[in-house]
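Heads up: the structure comes next, in structure tokens.
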Amino acid sequence: METILEILSELHPGTDFTGATGLIEDGVLTSLEITTLITEIGARLDVQIPAEEILPENFDSVEAIWAMVERLDDV
Amino acid sequence: MSVSSLSFLIFAACTLLVYWFCPRRWRWVVLLVASLLFYAAGDAWYLPFVALTVLSTWAMSLWIQTRAAKDEAALAELKSHATKDQRKAFKAQRKRKRCRILVAGLVLNFGLLAVLKYTGFAVHTANDVMGWMGLSPLRVPSLILPLGISFYTFRSTAYLIDVYRGQVKAQPNLARYALFITFFPAVVQGPICRYNELAPSLFGEHTLSWSDSAAGLARMLWGFFKKVVVADTAMVAVKAMVAGADHLRGMYTVLLILVYSAVIYGDFTGGMDISLGLSRMMGIRLTENFDHPFASTSCQSYWNRWHITMGAWFTDYVFYPLSVSGPMQKLSRWGRQHMGQAVGMRLPVYLATLLTWFLTGLWHGAAWNFIVWGLLNGVLILISNECKPLYRAFHTRFPGVEGRRWFHDVCAVRTFLLMGLIRSLDCYRNVPVTFSAWGSMLTCWSSWKDLWDGTVWDNLGLPVATWVFLGVAVLLLFMVGRVNIRAQERGGSPLLERLPARPALWAALCAGLILVVLVCGSYGVGFDASDFIYGKV
């Protein structure tokens with residue numbers, strides 16, 4: 001979870017993403033930033049996120065992103 | 001059959017009558033028959049091509065879904081005795097097999113689109129190269145181009161991919177699936193609806209309601225107003241400026257950017273209003289395709305508001321799969337190792353963005369001006385993305401500016417002009433001519449005198465009275481747009497949605513729109529009864 005927060009802070013310096021929601025619904029993350037986030041998760045956590053997981057419900061909050069990463073890391 | 005033609009209106013009226021008189025559970029069959037008739041009216045030879053797309057994607061989606069169910073059952077069985085790595089390998093192997101079916105379906109349908117739409121362009125381009133080399137040109141084949149092939153190919157491939165991803169349950173009824181692909185209000189120029197969004201409405205058993213019928217009719221008439229009064233009128237001037245591109249420069253290029261913005265807006269959103277309005281009269285809700293695009297304050301925001309379903313298609317089925325793919329992630333790792341973290345992080349995003357916009361341009365038209373148009377949009381979006389630290393620094397330095405209405409309007413005007421500038425590639429249809437026209441805005445200052453001495457009216461082929469009329473029409477569009485944006489900000493409904501609650505006002509507006517459209521249509525300026533611009537995609 002800390003890694004996710006770290007990456008999001010690099011994308012939006014000065015923003016505290018702890019407990020943040022509405023990342024997609026409120027347009028906080030653009031499609032370019034989502035892709036960068038996925039690339040960084042792959043590089044730092046070694047979890048590959050396929051395109052079919054790029055759904056609003058999987059990226060709308062830090063908790064949702066982390067839940068998706070944990071699920072994909074486990075079969 | 002153009003959707004703004006009299007024959008289409010008669011066809012739509014007859015379809016509506018039969019639709020509402022038919023028992024509810026068979027209404028979708030009426031729509032299917034109407035859609036196939038509409039399609040065949042264009043050219044009966046279109047039917048085999050759309051049939052091939054319908055049959056292939058329907059069959060392959062069912063095949064993929066059946067395999068997925070079997071693979072899921074087999075994986076569940078493995079859980080009790082296989083290791084995590086073994087389960088991962090099994091899942092990946094089975095997924096690869098389903099992927100081969102998907103790829104076969106995509107290759108078949110995109111291949112068909114590529115051959116029918118782009119062979120001529122490929123041969124022309126090859127002939128240009130061969131001409132430079134002193135070789136004889138190849139014969140350019142004349143191939144049939146089925147109506148709306150770009151749109152129905154996108155709709156069907158999106159469906160196939162969504163079934164593969166497990167996001168959509170495959171439709172077992174071939175006839176229902178055929179209706180989803182060929183639904184006539186949306187086949188020529190979209191919107192590119194997703195199956196899960198459209199199916200419940202398309203196959204639902206609707207009751208004839210005053211609000212749907214009234215709102216739908218008002219929206220159709222508003223669409224005709226935009227198309228016939230605004231777009232078709234202004235197109236006369238655009239054509240004059242393009243035809244005289246060698247001498248109508250400088251100020252005329254600025255005018256072209258402004259006037260063509262009105263043309264493309266009126267033509268495309270007008271067409272959407274007609275499609276969505278007609279569907280609404282049947283109780284069917286198509287996906288909205290525009291959200292006040294000229295109010296956008298950035299290029300990225302513009303593409304979230306203009307031709308929304310096309311943008312979403314390219315994002316979901318090209319940009320994301322490409323940018324998160326294995327090869328791109330490998331490239332990112334290579335970039336990190338050899339060129340630093342900043343480059344490695346950007347490589348997948350940049351390459352995917354440029355390729356996506358290259359394809360977006362190509363989808364719009366088989367010509368170099370469209371490709372350059374697409375790439376310029378991609379470059380602008382990337383530049384805007386890179387400038388974010390600058391914007392943050394600016395707003396930190398001047399904290400009160402961001403929330404101000406004037407700042408918002410300045411950004412909207414800037415975005416409008418930038419998008420209009422790039423869009424002029426669509427007018428001139430020639431990249432060097434367009435770039436030359438852009439350059440003339442900075443050099444051809446003498447052209448501005450035509451505004452003061454009245455020469456401009458003669459050069460543009462429209463009398464002053466028509467310009468005044470056009471100005472009033474554009475102002476009306478602007479004012480209605482502002483009212484709708486304010487309503488949206490307050491969580492309310494657009495103007496046309498609220499009209500059915502006031503029948504007298506609704507009747508007056510409809511009568512007024514019919515009168516204006518009829519008068520303008522017979523205004524005698526010699527408008528082209530041309531098809532919608534996007535109907536040529």
Side-chain angles (χ1 to χ4, degrees), chain A residues 2-17 20 22-62 64-75, chain B residues 75 78-79 82-92 95 161-162 164-167 298 300-301 303-304 311-312 314-326 328-333 335-336 341-342 344-350 352-353 356 381-382 384-386 388-389 392 396:
Chain A
E2 293 308 316
T3 310
I4 309 287
L5 284 169
E6 197 180 293
I7 301 168
L8 287 170
S9 297
E10 286 168 18
L11 289 171
H12 284 261
T15 305
D16 183 9
F17 282 93
L23 300 180
I24 303 299
E25 201 179 311
D26 298 339
V28 176
L29 292 180
T30 64
S31 52
L32 270 65
E33 287 167 345
I34 289 169
T35 304
T36 307
L37 173 64
I38 290 172
T39 303
E40 291 303 293
I41 288 172
R44 301 185 201 190
L45 297 174
D46 196 27
V47 173
Q48 304 311 313
I49 298 174
E52 54 261 36
E53 293 288 339
I54 306 177
L55 301 167
E57 55 264 34
N58 286 344
F59 285 85
D60 207 38
S61 67
V62 179
I65 296 169
W66 182 241
M68 173 189 58
V69 167
E70 283 192 311
R71 177 169 47 81
L72 289 172
D73 200 27
D74 184 37
V75 173
Chain B
L75 185 66
L78 270 184
K79 271 195 171 158
T83 64
K84 181 178 169 181
D85 285 342
Q86 283 174 329
R87 293 199 303 271
K88 263 188 168 173
F90 175 83
K91 193 173 177 183
K95 190 177 178 185
I161 294 169
D162 286 348
Y164 167 78
R165 289 175 174 175
Q167 291 163 359
S298 69
Q300 185 139 29
S301 162
W303 285 107
N304 289 333
F314 274 104
T315 302
D316 290 344
Y317 302 114
V318 178
F319 177 71
Y320 282 145
L322 198 58
S323 56
V324 306
S325 65
M328 279 292 195
Q329 298 304 303
K330 277 188 194 150
L331 183 65
S332 175
R333 281 192 291 276
R336 267 168 227 273
Q341 160 126 355
M345 196 168 75
R346 284 169 170 77
L347 270 175
V349 175
Y350 276 52
T353 300
T356 301
I381 286 170
L382 291 175
S384 175
N385 196 54
E386 284 301 319
K388 277 187 182 168
R392 268 196 296 272
T396 304

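As the structure is a prediction and not an experimental result, all values here were calculated from the model. Order of the sequence lines sets the chain letters (A, B, ...), proteins ahead of strands, with each chain counted from 1.
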Non-hydrogen side-chain atoms of [X] and [Y] separated by less than 4.5 Å:
{"X": "B:Val324", "Y": "A:Ile49", "value": "no"}
{"X": "A:Ser31", "Y": "B:Gln300", "value": "yes"}
{"X": "B:Ile381", "Y": "A:Leu32", "value": "yes"}
{"X": "B:Lys388", "Y": "A:Thr30", "value": "yes"}
{"X": "B:Tyr320", "Y": "A:Ile38", "value": "no"}

Which bit of A:Glu53 is near chain B, if near means a heavy-atom gap under 4.5 Å: side chain, backbone, both or neither?
neither

Whatever's closer than 4.5 Å to a heavy atom in chain B on A:Leu37 counts as neither

What part of [X] gets within 4.5 angstrom of chain A, counting heavy atoms only: side chain, backbone, both, or neither?
{"X": "B:Lys330", "value": "neither"}
{"X": "B:Arg392", "value": "side chain"}
{"X": "B:Tyr317", "value": "neither"}
{"X": "B:Ser323", "value": "both"}

For A:Ala51 against B:Pro321, the heavy-atom pair lying closest together:
CB-CA, 3.6 Å

If only atom types and distance count, is the side chain of B:Gln167 paired as donor or acceptor with the main-chain N or O of A:Glu52 below 3.5 Å?
yes

A:Glu25 atom CD, neighbour heavy-atom count above 12 within 6.0 Å:
no

Please check if the number of heavy atoms outside A:Asp26 that lie under 6.0 Å from its CG is greater than 12.
yes

Measure the CZ-CD distance between B:Arg336 and A:Glu40 for me, rounded to the nearest 0.5 Å.
4.0 Å

Nearest 0.5 Å please: distance from the OG1 atom of A:Thr35 over to the CE atom of B:Met345.
12.0 Å

Just so I understand: if I count every heavy-atom pair under 4.5 Å between each of B:Arg346, B:Gln341, B:Arg333 and chain A, which residue has the most?
B:Gln341

